[in-house]
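Convention: sequence-line order gives letters A, B, ...; per-chain numbering from 1.
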Protein chains: 2
Amino acid sequence: MDTTNTKSETLADQAYDALAKSIVSGELAPGARILEVELAERFGMSRGPLREAMRRLEERRLVERVSQRGVRVVRLTGPKLHGIYKVREALEGMAARLSAQNMADDEIAELREMLEAHERYVRQSDDYSQNQQDWDFHDRIARGSKNEMLVSLLSDDLYQLLKIFRNQHKSKRGRARRAVEEHWRILAAIEDRDPEMAELMMRRHISAALAVFEPSWAEDAAQRDQADTADWPDLKPEGD
Amino acid sequence: MDTTNTKSETLADQAYDALAKSIVSGELAPGARILEVELAERFGMSRGPLREAMRRLEERRLVERVSQRGVRVVRLTGPKLHGIYKVREALEGMAARLSAQNMADDEIAELREMLEAHERYVRQSDDYSQNQQDWDFHDRIARGSKNEMLVSLLSDDLYQLLKIFRNQHKSKRGRARRAVEEHWRILAAIEDRDPEMAELMMRRHISAALAVFEPSWAEDAAQRDQADTADWPDLKPEGD
DNA sequence: CCCCCACGTAATGTCAACATTTTTATCATT
DNA sequence: AATGATAAAAATGTTGACATTACGTGGGGG
């Protein structure tokens with residue numbers, strides 16, 4: 001973790017950036033406790049700014065806090081991931097629709113180039129998992145919508161959250177190629193300036209991804225149920 | 001503002017709740033500066049927990065912070081509101097779809113009763129503006145989706161944000177009645193357990209609301225352009 | 001062997017003081 | 001009257017100390 005060479009101005013903001021990066025990169029694993037005293041020593045700052053940073057992370061849904069007990073990196077269950085994919089379907093469908101209307105011609109050309117590079121990679125790769133090129137494609141569509149709130153919700157919130165769980169996005173053989181084909185269909189609709197088709201293609205794409213990934217989430221859940229009771233016991237209601 | 005009689009445990013959480021309520025209720029007006037020292041005195045606590053609370057509000061998009069200069073209640077422009085309505089369309093369309101599938105029969109019955117009461121109110125009222133019954137209807141649909149992330153994004157984030165701008169939601173004569181009619185169509189589709197129709201009706205409803213409200217946002221923007229330069233001057237880029 | 005209690009340690013929550021930055025008010029000059 | 005400089009006041013950012021809560025371990029009793 002590195003708090004130097006960042007553009008943020010206050011220590012609290014620097015700590016937030018560094019922590020968010022560590023969480024999204026997996027360096028701080030899902031479920032990991034985040035101890036203020038330890039971080040204060042590591043970052044060379046007092047606990048105050050760290051607490052501020054962690055409050056921001058909390059509202060970004062990247063960490064979960066229990067009062068008086070501390071903060072840990074969020075863990076997502078199968079049902080929650082399912083819920084997030086439904087939200088993705090809605091938001092990204094709208095993003096594709098708006099991109100077909102609002103995306104600049106040079107942006108669309110760049111997107112085509114990116115997709116060509118992505119296709120070449122997938123043709124010569126055995127890598128099943130979702131990679132940065134996938135995320136870049138989706139990020140570009142979100143930004144192409146020219147809708148600030150959409151970008152914020154997708155690129156700043158949901159994609160960061162999902163990146164934590166890159167291991168939950170392992171596909172079946174062939175899915176990566178299929179995904180690229182679906183990307184082409186989305187791009188074609190955007191190039192055609194056809195909002196309805198763009199939305200339909202994007203929603204189908206997200207639905208298909210969900211169908212592929214979801215079975216493995218149930219398996220993961222079985223393993224996780226054991227670990228849960230071991231390290232963060234049920235909290236009793238504390239009065240009304 | 002009141003920090004007593006709340007269920008929150010830490011002072012920071014109490015302050016967050018109290019501040020969020022004040023912002024959403026309009027007591028703290030859009031654009032208002034939030035001064036730590038003043039609040040510390042009013043709430044009878046030190047500035048530390050207040051800073052934590054404000055960091056949470058920042059990520060909830062209810063306040064905007066400029067480093068070293070402070071925090072103010074968010075102001076929404078016409079284009080931003082437009083963007084939020086597009087996001088609403090997407091998310092609430094999905095919420096209605098999922099509610100048609102997942103909502104319990106007794107929940108649907110309650111929703112019907114609520115809508116009947118809402119209709120009676122509108123028939124005998126001259127009130128054009130969007131009221132709590134409207135929000136309650138939408139909140140119920142979001143919760144009926146049984147999708148945590150959808151509920152969080154809509155009911156915890158977007159609706160709170162939009163409530164700040166209740167004065168931006170003044171309608172034309174007759175819109176309130178029309179809205180109730182549209183609510184009936186949404187409910188009918190949910191009762192029929194017809195996800196496609198529920199989504200279509202909800203998306204049309206949000207689109208129609210946008211079409212009604214949006215013209216007045218442009219007028220508001222003209223007035224606001226003058227005020228902006230007066231009280232928060234342009235920030236110069238500070239290096240890279 | 002299991003449960004309960006007491007005590008010490010670790011971690012979180014808060015406070016007030018200090019450091020730094022920004023804003024405001026005042027005065028001098030043009 | 002307007003502008004610029006300076007000093008004081010106000011506000012934000014950070015620190016370390018203290019208060020409070022939670023956790024872990026050991027000892028004793030049933």
Side-chain angles (χ1 to χ4, degrees), chain A residues 3-4 6-19 28 31-59 63-74 227-239, chain B residues 3-4 6-19 28 31-59 63-73 228-239:
Chain A
T3 58
T4 61
T6 63
K7 298 294 186 296
S8 305
E9 288 159 298
T10 65
L11 292 183
D13 289 335
Q14 291 180 32
Y16 168 78
D17 288 340
L19 283 171
L28 273 175
R33 287 288 305 278
I34 303 185
L35 300 177
E36 296 171 12
V37 175
E38 194 177 285
L39 278 191
E41 191 169 329
R42 187 177 304 182
F43 285 6
M45 67 176 79
S46 77
R47 286 167 44 240
L50 286 170
R51 294 182 62 82
E52 288 184 36
M54 284 194 281
R55 288 297 192 169
R56 288 182 64 193
L57 292 167
E58 185 183 340
E59 297 304 327
V63 302
E64 293 171 328
R65 168 192 296 274
V66 177
S67 190
Q68 306 287 358
R69 287 171 158 230
V71 171
R72 64 174 62 229
V73 179
V74 75
D228 265 0
T229 53
D231 59 31
W232 206 330
D234 286 344
L235 296 179
K236 291 167 192 146
E238 295 188 341
Chain B
T3 58
T4 60
T6 64
K7 298 294 187 296
S8 305
E9 289 160 297
T10 65
L11 291 183
D13 290 335
Q14 291 180 32
Y16 169 78
D17 289 341
L19 283 172
L28 273 176
R33 289 287 306 278
I34 303 184
L35 300 178
E36 296 171 15
V37 173
E38 194 176 284
L39 278 190
E41 192 170 327
R42 187 176 304 181
F43 286 6
M45 67 176 78
S46 77
R47 287 166 43 238
L50 287 170
R51 294 181 62 82
E52 290 185 31
M54 285 194 283
R55 288 296 192 169
R56 289 181 64 194
L57 291 168
E58 185 182 340
E59 297 304 328
V63 302
E64 293 172 327
R65 169 192 295 274
V66 175
S67 191
Q68 306 288 354
R69 285 169 158 233
V71 171
R72 63 174 63 228
V73 179
D228 266 358
T229 53
D231 58 30
W232 207 329
D234 286 342
L235 297 178
K236 291 168 192 142
E238 296 187 340

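Partners of B:L35 under the side chain to side chain contact (heavy atoms under 4.5 Å, CB included) rule, at least two apart in sequence or in another chain, are B:R33, B:E38. Remark: B:R51 pairs with A:E52, B:E36 by the salt bridge (charged side-chain N to carboxylate O under 4.0 Å, His left out) rule, at least two apart or across chains. Residues passing the side chain to side chain donor-acceptor pair (under 3.5 Å) test with B:R56, sequence neighbours excluded: A:E59, B:D13. Contacts of A:I34 classified as side chain to side chain contact (heavy atoms under 4.5 Å, CB included), with partners at least two apart in sequence or in another chain: A:I23, A:L28, A:L39, A:M54, A:V63, A:V71, A:V73.
Note that the CG atom of A:L57 and the CZ atom of A:R65 stand 10.0 Å from one another [nearest 0.5 Å].
Overall, the helix from C:dC1-D:dG30 to C:dT30-D:dA1 carries an axis bend of 20° between its ends, with five pairs at each end and the value rounded to 10°.
Between A:A40 and A:S46, the shortest heavy-atom distance links the atoms CB-C, 4.4 Å. Here the shortest heavy-atom pairing between B:A12 and B:A53 reads O-CB, 3.6 Å.
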How would nucleotides 10-21 of chain D be written as a contact map, 5' to 3', with B for base contact, S for sugar-phosphate-only contact and - for no contact, using protein heavy atoms under 4.0 Å? -SBBBB-B---S

